[in-house]
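Structure first, commentary second.
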Amino acid sequence: MAREPGAGSADGDAAGPGGSPTARRIILGAQLRRLREAAEIAPADAAYAIRGSESKISRMELGRVGFKERDVADLLTMYGVNDPAEREHFLRLVAESKQPGWWNRYAEAMPPWFQDYVGLEGVASRIQTYELQFVPGLLQTEAYAMAVASSGHPKLADDETRRRVSLRMKRQRLLARPDAPRLWAVIDESVLHRPIGGAAVLRAQIDHLLEMTKLPNIALQVVPFSLSGYAAEGSFTMLRFNEPELPDVVYLEHLGGALYLDKREEIEWYGRTLDRLMVDARTPEQTRQLLRKAREIL
């Protein structure tokens, strides 16, 4: 995985269902799809009405592209939505989906494909993540994050690297919100012994994990060396939402970008993998004991 943006290197002020431009875009797309299907209109016919392609309709309905007000207005007319108040609702969603997220100020320091993740992370009700190499980004200390983002040379970090670390620290604020998501993290035991940033940085990082796991919305489990590598071959994160129009998403980073998986069979596959990882891993209390032991030998 390309570890820079998520755990190996990249919260939000937006809270509640649909509280980000990314989420609003997905919700709007889902509502348009339901209207089209209720009107029994084929995607190709809808595409013709907005002078676009069938693939454009698909991307719009999945919330993977931005919306033009004219396109949405034309589709609403085609779908028989003529009530002024209802049309206003949809057009307001178009405007809201175009508003820049809080993370826009960091746009130059983050790849475009990571922006959707930050937007979805900020409105998730549950975040489940598995990490093989690093402490998950939402649980990293600033010094640990800087060591990762700078490839082990924090003193040589440039402005862009410092902004990436600043972004990560700001993302972590979502864990302290009144409506904070439930974070359930599973990490490989090697993470506790990999001296990212040196012994002092790792020691402070473990101390931070011990403090964070006192919070009721955070659980951490460690997969022991004896069971490492069996349930999953790589790191991934699953985001779950209370908003019914936001599908659960599995996020996978790779060297050239990221994948967002939301098909039912994909979600079920990764859900089963998470279940297996949680069974293989030490319990949260046993994990706290492992953390203390790892700290003692540093």
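Treat the numbers as computed from the prediction; the structure is a model and nothing was measured.
The shortest side-chain heavy-atom distance between Pro224 and Leu227 falls under the 4.5 Å cut-off. You'll find the side chain of Ser150 stays beyond 4.5 Å of the side chain of Leu156, heavy atoms only. The closest side-chain heavy-atom distance from Arg162 to Met146 is below 4.5 Å. Looking at Ile187 and Leu192, their side chains come closer than 4.5 Å, going by heavy atoms from C-beta outward. Residues Leu239 and Asp248 form no side-chain contact, since every pair of their non-hydrogen atoms from C-beta on lies 4.5 Å or further apart. Inter-residue side-chain proximity for Asp179 and Ser125 is flagged as unmet; no heavy-atom pair is nearer than 4.5 Å. Considering only heavy atoms from C-beta on, Leu175 comes within 4.5 Å of Ile218 through its side chain. Residues Tyr270 and Thr237 fail the side-chain proximity criterion, which asks for heavy atoms closer than 4.5 Å.
Cluster membership for Val186 and Val279, using ILVMFWY side-chain heavy atoms within less than 4.5 angstrom, is not shared.
Heavy atoms from other residues, nucleotides or ligands lying under 6.0 Å from CZ of Phe225 number more than 12. No more than 12 heavy-atom neighbours from other residues, nucleotides or ligands sit within 6.0 angstrom of CD on Glu40. Within a 6.0 Å radius of CD in Glu142, other residues, nucleotides and ligands contribute 12 heavy atoms or fewer. Arg194 CZ: more than 12 foreign heavy atoms inside a 6.0 Å radius. Crowding of Lys68 atom NZ: a count of heavy atoms from other residues, nucleotides or ligands under 6.0 Å not exceeding 12. Residue Glu265 qualifies as enclosed at atom CD: its count of foreign heavy atoms under 6.0 Å is above 12.
Of all heavy-atom pairs spanning Thr273 and Ala232, the tightest one is CG2-CB, 3.9 Å. The shortest non-hydrogen separation linking Phe114 to Met110 is CD2-CE, 3.6 Å. Considering every non-hydrogen atom in both Pro21 and Gly101, the closest pair reads CG-N, 3.9 Å. Between Leu174 and Gly122, the closest heavy-atom pair is CD2-CA, 4.3 Å. Scanning both residues, Leu202 and Pro195, for their nearest heavy atoms gives CD2-CA, 4.0 Å. The minimum heavy-atom distance between Ala258 and Trp113, with the atom names listed, is CB-CE3, 3.5 Å.
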Test side-chain contact (heavy atoms from CB on, under 4.5 Å) applied to Met278 and Trp184, step by step: CA-CA 10 Å; Met278 291 175 184; Trp184 199 298; 3.4 Å; yes
CA sep, side-chain torsions, deciding dist, call: Arg24, Glu243, salt bridge (charged side-chain N to carboxylate O under 4.0 Å, His left out): CA-CA 11 Å; Arg24 292 187 181 105; Glu243 173 60 53; over 6 Å; no
Verdict with reasoning, Thr161 to Arg164, per side-chain hydrogen bond (donor to acceptor under 3.5 Å, both in side chains): CA-CA 5 Å; Thr161 300; Arg164 288 201 297 268; 3.3 Å; yes
Pair Arg51-Asp71, salt bridge (charged side-chain N to carboxylate O under 4.0 Å, His left out): steps then yes or no: CA-CA 9 Å; Arg51 302 152 297 279; Asp71 288 345; 3.7 Å; yes
Pair Ile26-Leu120, side-chain contact (heavy atoms from CB on, under 4.5 Å): steps then yes or no: CA-CA 10 Å; Ile26 295 173; Leu120 291 171; 3.7 Å; yes
Salt bridge (charged side-chain N to carboxylate O under 4.0 Å, His left out) between Asp83 and Arg87, intermediate numbers included: CA-CA 6 Å; Asp83 179 74; Arg87 292 177 68 91; over 6 Å; no
Residues Asp158, Arg163; criterion salt bridge (charged side-chain N to carboxylate O under 4.0 Å, His left out); working and verdict: CA-CA 9 Å; Asp158 55 18; Arg163 285 181 64 77; over 6 Å; no
Glu121 and Ile127: CA distance, side-chain angles, deciding distance, side-chain contact (heavy atoms from CB on, under 4.5 Å) verdict: CA-CA 8 Å; Glu121 179 186 68; Ile127 302 170; 3.9 Å; yes
CA sep, side-chain torsions, deciding dist, call: Asn217, Leu183, side-chain contact (heavy atoms from CB on, under 4.5 Å): CA-CA 6 Å; Asn217 61 311; Leu183 172 63; 5.7 Å; no
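Judged purely by distance below 3.5 Å, without hydrogens or angles, the side chains of Arg25 and Ser20 never pair a donor atom with an acceptor atom. Between the side chains of Arg59 and Ser55, at least one donor N or O lies within less than 3.5 Å of an accepting N or O. If you check the side chains of Glu131 and Ser235, you find a donor sitting under 3.5 Å from an acceptor. In summary, the side chains of Arg288 and Thr213 do present a donor paired with an acceptor at a separation below 3.5 Å, with no hydrogens or angles considered. For Thr77 and Asp74, the side-chain atoms include no donor-acceptor pair closer than 3.5 Å.
A cation-pi arrangement is absent between Lys170 and Trp103, since the terminal nitrogen or guanidinium carbon is not both under 6.0 Å from the aromatic centre and inside a 45° cone about the axis.
For the pair Ser58 (side chain) and Glu54 (backbone), a donor-acceptor distance under 3.5 Å is absent. Judged purely by atom type and a 3.5 angstrom limit, His153 has no side-chain atom pairing as donor or acceptor with the backbone of Lys155. A donor-acceptor pair under 3.5 Å is formed between the side chain of Gln221 and the backbone N or O of Arg282. With hydrogens and angles disregarded, no donor-acceptor distance shorter than 3.5 Å links the side chain of Tyr144 to the backbone of Ile196.
Think of Ile57 as one node in a network of Ile, Leu, Val, Met, Phe, Trp and Tyr side chains linked at under 4.5 Å; its network also takes in Leu28, Leu32, Leu35, Ile41, Ile50, Met60, Val65, Phe67, Val72, Leu75, Leu76, Met78, Tyr79, Val81, Phe90, Leu91, Leu93, Val94.
Looking at Glu211, Met212, Gln205 one by one, the single match for side chain to side chain contact (heavy atoms under 4.5 Å, CB included) with Leu209 turns out to be Gln205.
Annotation: the span from Glu61 atom CD to Glu37 atom CD amounts to 7.0 Å, rounded to 0.5 Å. In this structure, Met238 CE and Gln128 CD are separated by 6.5 Å, a value rounded to the nearest 0.5 Å. Summarising the geometry, atom CD belonging to Gln140 is positioned 9.0 Å from atom CG belonging to Leu138; distances are rounded to the nearest 0.5 Å. Distance OH/Tyr48 to OG/Ser53: 14.5 Å, rounded to 0.5 Å. Interatomic distance, OH of Tyr130 versus CG of Leu277, reported as 5.5 Å (0.5 Å rounding). Here the OG1 atom belonging to Thr283 is positioned 6.5 Å from the CD atom belonging to Glu285, to the nearest 0.5 angstrom.
Between Tyr251 and Tyr117, the ring planes lie tilted relative to each other; the angle falls in the 30° to 60° range.
Contact check on Glu268 versus Lys263 returns no salt bridge, with no Lys/Arg side-chain nitrogen under 4.0 Å from an Asp/Glu carboxylate oxygen.
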Anything under 3.5 Å between a donor and an acceptor, one on a side chain of residues 290-298, the other on a protein residue two or more places apart or in another chain? List them.
| unit_1 | atom_1 | unit_2 | atom_2 | d |
| --- | --- | --- | --- | --- |
| Arg295 | NE | Asp207 | OD1 | 2.4 |
| Arg295 | NE | Asp207 | OD2 | 3.1 |
| Arg295 | NH2 | Asp207 | OD2 | 3.2 |

